[in-house]
Asks: 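This is the structure, below, for whatever I ask next.
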Amino acid sequence: MIKTENLQKRYGNFNLNCSFEVKKGCITGLVGQNGAGKTTVFKALLGLIYPDGGKAEIFGKNITDFTPEDKEKIGAALSDSGFSEYLTVKDIIPILKALYKSFDEKFFIRQGEKLGLPLNKKIKEFSTGMKAKLKILVAVSHKASLLILDEPTAGLDVVARDELLEILREYMEEDENRAILISSHISGDLESLCDDIYMIHNGKIVLHEDTDVILSDYAIIKVTEEQFKSLDKQYILRVKKEPFGYVCLTDQKAFYAENYPEAVIENGSADKVITMIIRGQEA
Amino acid sequence: MKGLLIKDFRLMKSQINFFIILTAVTVVLAVFSDNPSFVPGYLPFVMSVFALSTISYDEFNNSSAFLFTLPVSRTGYALEKYCLSLILGAGSWLFALAVTTVSGMIKGTAVFSETAAAALIILPFLFISVAVMLPVQLKFGGEKGRIILMIIFGAVFLIFVTALKTGEAIGNDIQAISNPLSGVNLKALFAGAFIAGAASLLISMKISCSVMNKKEF
């Protein structure tokens, strides 16, 4: 659905250069710190900025050749932008109806009611959660084949976040040929949703892995200085010095659990992995 | 384009009180003024400025970035602003003309052809004003655009006044300048003005499309 090869964009000292792929039927997560380049990637894919180099294709078509008709097949949500806040949900309905041939008005109204979005209230009076829900609702209400969602869960409480992820799961269940690219700086949000995760740091993809593999095979090993000296480092990806000794990241949890029963081994999570990839040193 | 137009009209709905006041002022002026012919002159300009205010609405909260994730092209966005300006300008022009004509007929002070002719010459100036305002607003945005437009209109006014004063100083008064025009066929003058207005709109559209195509959000 999406394929980028060395997609480049320069802003002063910041250089984005990344390659990644989002496959049909998959939910792909893009995680990274604030300022890592996630929004730049999304803006480039959506044609809001012009790449300085590389290639980006959506549905096999170069993004620079995209027409409004092509854009009808994409549902997008941006973290820092949405419909004018002087509009109401009721105002948005005819706009979407005019813009998208496949806009499902009944679904939009029904889901809006379910999510507790008032029809006649101006968006500027909405809470953060309501604004986020509206953005997602707009993105899923016109039978798009692909969703591109930048930080849709930012600033949400646990309940609102769960409701939002539920909408996305339902969207995927409706049609197996759909796909989602979603970003978050809180990667924990994405673990329960994504099939695979790309980690981005300083504009570069530093890791790509299936979420299941991150959760099952990656681990954080905590060892003392003595234990560290005797530790087999062939499967250690990153090391970080701590006051008590060392914290290590591995993608072979079973190996260390079996051979180093005295070491403290914590299950991997996207958050832990990205923290170690960024802050740790190569072993 | 239809979707964007709906969006802009919905946005303007929040300024409905201003529109009501403007309509009331138009009617009052047309009914009570001794020379209501200026009404079709001022109303379209005020209304076309409303199209500019929608650009500020779009920029507020970085909303324009989201707009371009919708099935909207950059060129389509620019052209929609022209459409909106002309719908508002021409619509209010027709309204003002109708009110002035009806009022003139009731009072028996004016005939339709005279009012229409006076109003007709306003249109090319409306086109030129839209042609100047929109690219500036699209390029520099709501706040900066307004300042730049004020500078442009200020400069035009200054040039006009200076030219007039210089003309007087060298003995060519305004009568002398306008005398040759009296010989010109009025229809040709109107046609020329309309062609100039339309041409300025076309050039302006091209500039606006190019401004939008270069923009990053």
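Labels below follow one simple rule: chain letters A, B, ... track the order of the sequence lines, proteins then strands, and each chain is numbered from 1. Atom set for the values below is all heavy atoms of this structure, side chains included, hydrogens, waters and symmetry mates excluded.
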Asks: Taking all non-hydrogen atoms of both residues, which atom of B:Ser14 and which atom of A:Lys122 are closest, and how far apart?
Replies: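 That closest heavy-atom pairing would be CB-NZ, 3.9 Å.
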Asks: Looking only at heavy atoms, what is the nearest atom pair of A:Gly82 and B:Ser63, with distance?
Replies: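 That would be O-OG, 2.7 Å.
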Asks: Does B:Lys7 reach the side chain of A:Leu87, with side-chain heavy atoms less than 4.5 Å apart?
Replies: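 Yes, close enough: below the 4.5 Å cut-off.
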Asks: Tell me if a side-chain donor or acceptor on A:Lys43 pairs with a main-chain N or O of B:Ala65 at a distance below 3.5 Å.
Replies: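 It does not hold such a pair.
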Asks: Within residues 123-140 of chain A, which residues come under 4.5 Å of chain B, heavy atom to heavy atom?
Replies: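 When heavy atoms of chain B are the reference, residues 123-140 of chain A contributes A:Val138 within the under-4.5 Å range.
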Asks: Kindly check if the number of other-residue, nucleotide or ligand heavy atoms within 6.0 Å of CZ (B:Phe125) is above 12?
Replies: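 Count not over threshold, so no.
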Asks: Under 6.0 Å from the NZ atom of A:Lys61, do we count more than 12 heavy atoms belonging to anything else shown?
Replies: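 Counting other residues, nucleotides and ligands, NZ of A:Lys61 exceeds 12 neighbours.
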Asks: Go through A:Leu48 and B:Phe66 one step at a time and tell me if the side-chain contact (heavy atoms from CB on, under 4.5 Å) criterion holds.
Replies: CA-CA 9 Å; A:Leu48 302 176; B:Phe66 173 72; over 6 Å; no
Asks: I'd like to verify something: which residue of A:Ile74, A:Asp80, A:Ile49 has the highest number of heavy-atom pairs under 4.5 Å with chain B?
Replies: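 Highest number of pairs under 4.5 Å: A:Ile49.
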Asks: Run B:Leu11 and A:Ser84 through side-chain contact (heavy atoms from CB on, under 4.5 Å) and show every step you take.
Replies: CA-CA 8 Å; B:Leu11 278 172; A:Ser84 169; 3.3 Å; yes
Asks: By a 4.5 Å heavy-atom criterion (distance strictly below it), what part of A:Lys9 contacts chain B: side chain, backbone, both, or neither?
Replies: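 Looking at A:Lys9, just its side chain touches chain B.
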Asks: Would you say B:Pro71 and A:Tyr100 make side-chain contact, with heavy atoms under 4.5 Å?
Replies: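 Counting from C-beta outward, B:Pro71 and A:Tyr100 do come under 4.5 Å.
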Asks: Give a yes or no on this: more than 12 heavy atoms of other residues, nucleotides or ligands lie within 6.0 Å of atom NZ of A:Lys204.
Replies: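 Above 12, so yes.
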Asks: Given the rule in the side-chain contact (heavy atoms from CB on, under 4.5 Å) test, do A:Leu99 and B:Val72 qualify, once you have shown the distances and angles that lead to the verdict?
Replies: CA-CA 8 Å; A:Leu99 287 171; B:Val72 167; 3.9 Å; yes
Asks: For the pair A:Tyr86 and B:Phe60, name the ring-plane relationship: parallel under 30°, tilted 30 to 60°, perpendicular over 60°.
Replies: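 Tilted, since the angle between the ring planes falls between 30° and 60°.
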Asks: With only heavy atoms counted, which part of A:Glu85 is less than 4.5 Å from chain B, the side chain, the backbone, both or neither?
Replies: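 Side chain of A:Glu85 only, per the 4.5 Å heavy-atom cut-off to chain B.
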Asks: Going by residue number, which parts of residues 88-96 of chain A are within reach of chain B, meaning a heavy-atom gap below 4.5 Å?
Replies: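 Residues in range: A:Lys90, A:Asp91, A:Pro94, A:Ile95.
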Asks: Which bit of B:Lys215 comes within less than 4.5 Å of chain A, counting heavy atoms only: side chain, backbone, both or neither?
Replies: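 Looking at B:Lys215, just its backbone touches chain A.
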Asks: If we ignore hydrogens and angles and just use 3.5 Å, is the side chain of B:Ser73 paired with the main-chain N or O of A:Pro68 as donor and acceptor?
Replies: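 No, the answer is negative, given that no donor and acceptor are paired below the 3.5 Å cut-off.
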Asks: Counting only heavy atoms not in B:Lys2 (residues, nucleotides, ligands), do more than 12 fall under 6.0 Å from its NZ?
Replies: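 Open.
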Asks: Under 3.5 Å, side chain of A:Ser81 to main-chain N/O of B:Asn62, donor-acceptor pair present?
Replies: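 Looks like yes, one N/O pair under 3.5 Å.
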Asks: Take A:Leu46 and B:Phe217, measure what side-chain contact (heavy atoms from CB on, under 4.5 Å) needs, and give me the verdict at the end.
Replies: CA-CA 10 Å; A:Leu46 291 165; B:Phe217 300 93; over 6 Å; no
